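One structure is given here, and the rest of the page talks about it.
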Amino acid sequence: MKIIVNAISANTGGIVTYTTNLIEYLGHTNLDAIVYVPRSFDPDRFNHPSITVKTVPVKHFFGAIHRFLWEQIIWRGIVKKSGADILYSSANYGVLFPPIKQVLLVQGEIYLNPVYRQKVLPQLSFVEKVSAYMRRNLMLISARQSKVTIFPSKVAMNAALDYDPILADNSVVNYLGVNSRFSEPMRRRQWRQDGKIRLLYVSVYYPHKDPITLANATLLLQEQGISVSSRITMEKRDFAA
């Protein structure tokens, strides 16, 4: 069986970790796979005889519309010519009317989430609301046209089923795990061993991730006499928000 994987969104954040783990996992199976990654992703660090990691043949996308059209036209052609049996789309959206069986992974379920829709979305700009609407519906359309749709939790799957109960027929839950290389170290820092709570928040900026609440909570605890140190890591451009 041959699989072609669309991982061209693996530029930063969790999707990079997920794609790396996926490639390593596929390398220990009997599957023949070709994985397409963005130019920022280093394909040379993988050495598995049955896995081919290729950079996508486009330098960059000029916005969401360009990306959508490229995937529906150029990428569709690449999939057809690949000779693969299954297309695995790992970034929320897939090929509409796919030429081969498609497995879709929906990780960005925030646009389906009822709490996000009720608490966060009303506070955002009109442009953000339109963007969320389009992303949500593209996810749902992609899920309807996939042989199998994978969600990382039952909550995420149920959020999609609230919009379209028919998706239950082709949806499954596969909880994300932890790679074995992240084993527990022999030596760990003890809780508040120096009297200070140290918090680390690794993220990119989206309104629902709300790093400001963490910053305010840190200040509040400090005012109450509890020593706290918080570190927030993001791309430099994300701090502007």
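It should be emphasised that the depicted structure is a prediction, and the values quoted were computed from it without experimental measurement.
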Between [X] (side chain only) and [Y] (backbone N and O only), is there a donor and an acceptor less than 3.5 Å apart?
X    : Y    : answer
N92  : V106 : no
N174 : F151 : no
E109 : A156 : no
N216 : T218 : no
T55  : V37  : no
K81  : R76  : no
R117 : L112 : yes
Q222 : S227 : no
T29  : L31  : yes
S131 : V127 : no

Given the rule that I, L, V, M, F, W and Y join up when any side-chain heavy atoms are under 4.5 Å apart, are [X] and [Y] in one cluster?
X    : Y    : result
Y133 : L124 : no
I65  : F62  : no
L138 : V95  : no
M234 : I110 : no
V155 : I150 : no

Looking only at non-hydrogen atoms, find the nearest pair between [X] and [Y] and report the distance.
X   : Y    : result
D32 : S50  : OD1-O, 3.2 Å
I23 : H48  : O-CD2, 4.0 Å
P38 : A10  : CG-O, 3.2 Å
L96 : I141 : CD2-CG2, 3.6 Å
S82 : K2   : O-NZ, 2.9 Å
Y36 : I4   : CE1-CD1, 3.9 Å

Is there a side-chain contact between [X] and [Y], using heavy atoms and a 4.5 Å cut-off?
X    : Y    : value
I15  : Q107 : yes
V5   : I34  : no
I78  : P57  : yes
M157 : T149 : no
W191 : I197 : yes

Starting from the C-alpha separation in whole Å, work towards a yes-or-no answer on side-chain contact (heavy atoms from CB on, under 4.5 Å) for L105 and Y18. CA-CA 11 Å; L105 174 64; Y18 179 85; 3.5 Å; yes
Any donor-acceptor N or O pair under 3.5 Å, side chains [X], [Y]:
X    : Y    : answer
Y163 : R136 : yes
R198 : S230 : no
Q102 : S89  : yes

In terms of heavy-atom contacts, does [atom1] of [X] have more than 12 from other residues, nucleotides or ligands at under 6.0 Å?
X    : atom1 : result
K129 : NZ    : yes
Y201 : OH    : yes
N47  : CG    : no
N30  : CG    : no
R231 : CZ    : no
L200 : CG    : yes
I226 : CD1   : yes

Please evaluate residues N6 and S90 with respect to the criterion side-chain contact (heavy atoms from CB on, under 4.5 Å), reporting the C-alpha separation (whole Å), side-chain torsions for both, the decisive distance (0.1 Å), and the verdict. CA-CA 6 Å; N6 180 348; S90 65; 5.6 Å; no
What's the verdict on side-chain contact (heavy atoms from CB on, under 4.5 Å) for E128 and L121, showing C-alpha distance, side-chain angles and the deciding distance? CA-CA 8 Å; E128 290 284 353; L121 200 57; 5.6 Å; no
Nearest 0.5 Å, please: how far is [atom2] in [Y] from [atom1] in [X]?
X    : Y    : atom1 : atom2 : result
T52  : L26  : OG1   : CG    : 11.5 Å
L104 : K147 : CG    : NZ    : 14.5 Å
S9   : F41  : OG    : CZ    : 12.0 Å
W75  : R67  : CH2   : CZ    : 10.5 Å
H28  : I51  : NE2   : CD1   : 10.5 Å
D162 : N113 : CG    : CG    : 10.0 Å

side-chain contact (heavy atoms from CB on, under 4.5 Å) between I100 and I86: does it pass, once the steps are laid out? CA-CA 6 Å; I100 59 176; I86 294 176; 5.5 Å; no
Identify whether the distance between the nearest side-chain nitrogen and carboxylate oxygen of D164 and R144 falls below 4.0 Å.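 Yes, charged N to carboxylate O under 4.0 Å.
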